[in-house]
Amino acid sequence: MLNVGYACIALGVPGTQLKTCRLSNASYNTLVSLTAHNLGALEAMLNYNIREGIRLFRISSDIIPFASHPDIHFPWRENFASQFKKLGDLIRSSGIRVSMHPGQYTLLNAKDAGVTERSIVDIRYHASLLEALGTDKTNKIVLHIGGVYGDKAASIQRFKSHFLELNTDIRRRIVIENDDRHYHIGDVLDIAAALGIPAVFDNLHHQLNRCGGTDAYWINACRPTWDSRQKVHYSQQARDKKPGAHSDTIDIQEFMDFYNSLSSRDLDIMLEVKDKNISAIKCMLCTDSNKNMTKLELE
DNA sequence: CCGCGTCAAGTTCAT
DNA sequence: ATGAACTTGACGCGG
């Protein structure tokens, strides 16, 4: 069965807007109130997903403001334990698969020990949030490999050794994705094989940072790395914008060409597109993934 | 109250 | 060597 999902925010749904603040205003009381608000917004997004039959969703890293900032120590997990339990029950009972994706400044393979340490703290925060929600290890954290630092082989080696320093519970959540500049899907698959972790194929990154082969070829190549339902990232180039810029909406013809090229439709497709849930629903309607079984599977 | 400059993070690339 | 870009909306200050 095909699942289509979207990332972090739901457009046009009341009560789902996340809030944040400037570091200079991040007092204890501000953090408590923003976190309470954001957990309510997350609940509204989950309920919306349930209403619409959306079973794949990326939780924003910004749910807990400055959660992994070195100067801020706010016991969010303890303070909101009952709220996390409620949200976790909602996720599990509805069968929504969630994920998280740390930002561009989280670099597990950094040369600087301080940068690496802060990145590990950030990865721990993401894992902790998924744990607080009581989700199992099929609910993943997506990482890129990171920087090159003038020596790709050494930087890949640093990624591997820093990864192996993480504890097992965190390692089992990590999946790695090709990026649009430095580490193409071939690199990522090699690293994934060496570490025994899943590889996420991103079609737009592959378009910008190629290593031969069609989307379908590489999706098939990534498939055996998964310990659970395979997931890919799908996006389209925004016309008239810089290479890599995500489109405002999904061009459905282009999406259907991609969909029809797949060898297997037993797949989770995370859309990265500006109109978020709108395009997710559009793609679901066009692929019958809003039903329990596709026509293909019924034949 | 509105408008717009600025924002926590690190690497890479352009100037 | 210095600074913008990345990606982005929203915060929040100044007028």
Side-chain angles (χ1 to χ4, degrees), chain A residues 6-27 29-35 37-38 40-42 45 58-74 76 100-126 141-152 154-156 158-159 162 177-184 187 202 204-205 207-209 233-249 270-279:
Chain A
Y6 66 99
C8 304
I9 56 177
L11 298 183
V13 184
T16 62
Q17 199 149 327
L18 298 179
K19 288 187 178 182
T20 184
C21 68
R22 296 293 164 87
L23 182 58
S24 57
N25 299 325
S27 67
N29 286 341
T30 301
L31 292 171
V32 168
S33 113
L34 291 175
T35 299
H37 172 93
N38 289 347
L42 176 58
M45 284 190 264
R58 182 189 299 163
I59 297 175
S60 169
S61 300
D62 299 328
I63 291 285
I64 316 293
F66 300 104
S68 59
H69 193 283
D71 300 332
I72 289 180
H73 300 96
F74 162 58
W76 52 269
M100 297 190 79
H101 191 6
Q104 59 191 317
Y105 302 114
T106 300
L107 297 156
L108 184 57
N109 79 339
K111 275 178 96 167
D112 181 280
V115 173
T116 299
E117 181 50 34
R118 287 190 289 280
S119 297
I120 289 173
V121 168
D122 191 50
I123 292 167
R124 285 203 197 108
Y125 151 63
H126 286 83
I141 296 168
V142 182
L143 295 181
H144 290 292
I145 304 307
V148 170
Y149 307 88
D151 184 343
K152 197 165 175 180
S155 297
I156 288 173
R158 266 197 319 281
F159 182 90
H162 294 168
E177 180 195 350
N178 57 314
D179 67 73
D180 59 357
R181 301 158 74 82
H182 308 305
Y183 296 95
H184 58 50
D187 296 326
D202 181 302
L204 185 58
H205 293 162
Q207 204 171 294
L208 294 156
N209 185 16
H233 288 180
Y234 180 83
S235 59
Q236 295 173 348
Q237 173 65 47
R239 293 181 174 80
D240 315 323
K241 289 201 183 165
K242 288 173 195 166
H246 292 149
S247 61
D248 289 340
T249 191
M270 175 59 69
L271 299 183
E272 295 181 324
V273 58
K274 294 218 178 156
D275 70 354
K276 305 283 179 182
N277 49 308
I278 309 299
S279 275

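The chains referred to below are lettered A, B, ... by the order of the sequence lines, with proteins before strands, and numbering in each begins at 1.
- The distance from atom NE2 of A/H37 to atom C1' of C/dA10 is 12 Å, rounded to the nearest whole Å.
- Taking atom C1' on both C/dC6 and B/dG3, the two are 25 Å apart, rounded to the nearest angstrom.
- Between B/dG10 and A/R118, a contact under 4.0 Å exists linking OP1 or OP2 to a side-chain N or O.
- Rounded to whole Å, the distance from CG on A/N209 to C1' on B/dT12 is 14 Å.
- As rounded to the nearest Å, C/dA1 and B/dA8 have P atoms that lie 27 Å from one another.
- Nucleotide B/dA9 holds its C1' atom 12 Å from the NE2 atom of A/H126, rounded to whole Å.
- Note that the CG atom of A/L18 and the NE2 atom of A/H37 stand 7.0 Å from one another [nearest 0.5 Å].
- Closest contact between the side chain of A/H246 and the listed nucleotides B/dT11, C/dC11, C/dT8 involves C/dT8.
- The interatomic distance linking A/Q104 (CD) with B/dG10 (P) rounds to 11 Å, in whole Å.
- No donor-acceptor pair under 3.5 Å is formed between the side chain of A/S60 and the backbone N or O of A/C8.
- You'll find that the side chain of A/Y149 is closest to B/dT11, out of B/dG5, C/dT7, B/dT11.
- A/D122 places a side-chain heavy atom less than 4.5 Å from the side chain of A/T106.
- Where A/S24 and A/I9 each meet DNA chain C at their nearest nucleotide, the meeting point lying more 5' is that of A/I9.
- Taking the P atoms as reference points, B/dG10 lies 23 Å from C/dG9, given to the whole Å.
- Distance check on atom C1': C/dA5 versus B/dC7 gives 15 Å, rounded to whole Å.
- Dashed line: the shortest gap from a side-chain N or O of A/K242 to OP1 or OP2 of C/dA5 is not under 4.0 Å.
- Separating the CD atom in A/E177 from the NE2 atom in A/H233 is a distance of 5.0 Å, to the nearest 0.5 Å.
- In this structure, of B/dT11, B/dT6, B/dA9, it is B/dA9 that holds the atom nearest to the side chain of A/H69.
- Judged by distance alone, with hydrogens and angles left aside, the side-chain atoms of A/D248 form no donor-acceptor pair with the main-chain N or O of A/K274 at under 3.5 Å.
- For A/N25, the listed nucleotide lying nearest its side chain is C/dG12; candidates were C/dG12, B/dT11, B/dA8.
- A straight line from CG of A/L34 to C1' of C/dC11 spans 10 Å, rounded to a whole angstrom.
- Put simply, NE2 on A/H182 is 16 Å from P on B/dG10, counting in whole angstrom units.
- Side chains of A/I145 and A/D187 form no contact here, defined as non-hydrogen atoms less than 4.5 Å apart.
- Checking B/dA8 for Watson-Crick or G-U wobble geometry (two distances, each under 3.5 Å) identifies no partner in any strand.
- Counting atom types as modelled, A/R181 pairs no side-chain N or O with a base atom of B/dT12 as donor and acceptor under 3.5 Å.
- A/G103 comes within 4.0 angstrom of no nucleic acid atom, judged by non-hydrogen atoms across all strands.
- If you take atom C1' in C/dT8 and the same atom in B/dC4, they sit 15 Å apart, rounded to whole Å.
- Listed candidates were B/dT11, B/dA8, C/dC6. Nearest to the side chain of A/L107 is B/dT11.
- Residue A/Y105 has no polar side-chain atom (N or O) positioned under 4.0 Å from OP1 or OP2 of B/dA8.
- Counting non-hydrogen atoms under 4.0 angstrom, A/T20 reaches the backbone sugars and phosphates but no base.
- We find that CG of A/L108 is positioned 19 Å from P of B/dA9, with the value rounded to whole Å.
- Rounded to whole Å, the P atom of B/dC13 lies 14 Å from the corresponding atom of C/dT7.
- Of the C1' atoms belonging to B/dG5 and C/dA4, the separation is 16 Å, rounded to the nearest Å.
- Judged by Watson-Crick or G-U wobble contacts below 3.5 Å, the nucleotide C/dT8 has no partner.
- Per the geometry, CD belonging to A/Q17 stands 12 Å off C1' belonging to C/dC11, to the nearest Å.
- Here the CG atom belonging to A/L208 is positioned 13.5 Å from the NE2 atom belonging to A/H184, to the nearest 0.5 angstrom.
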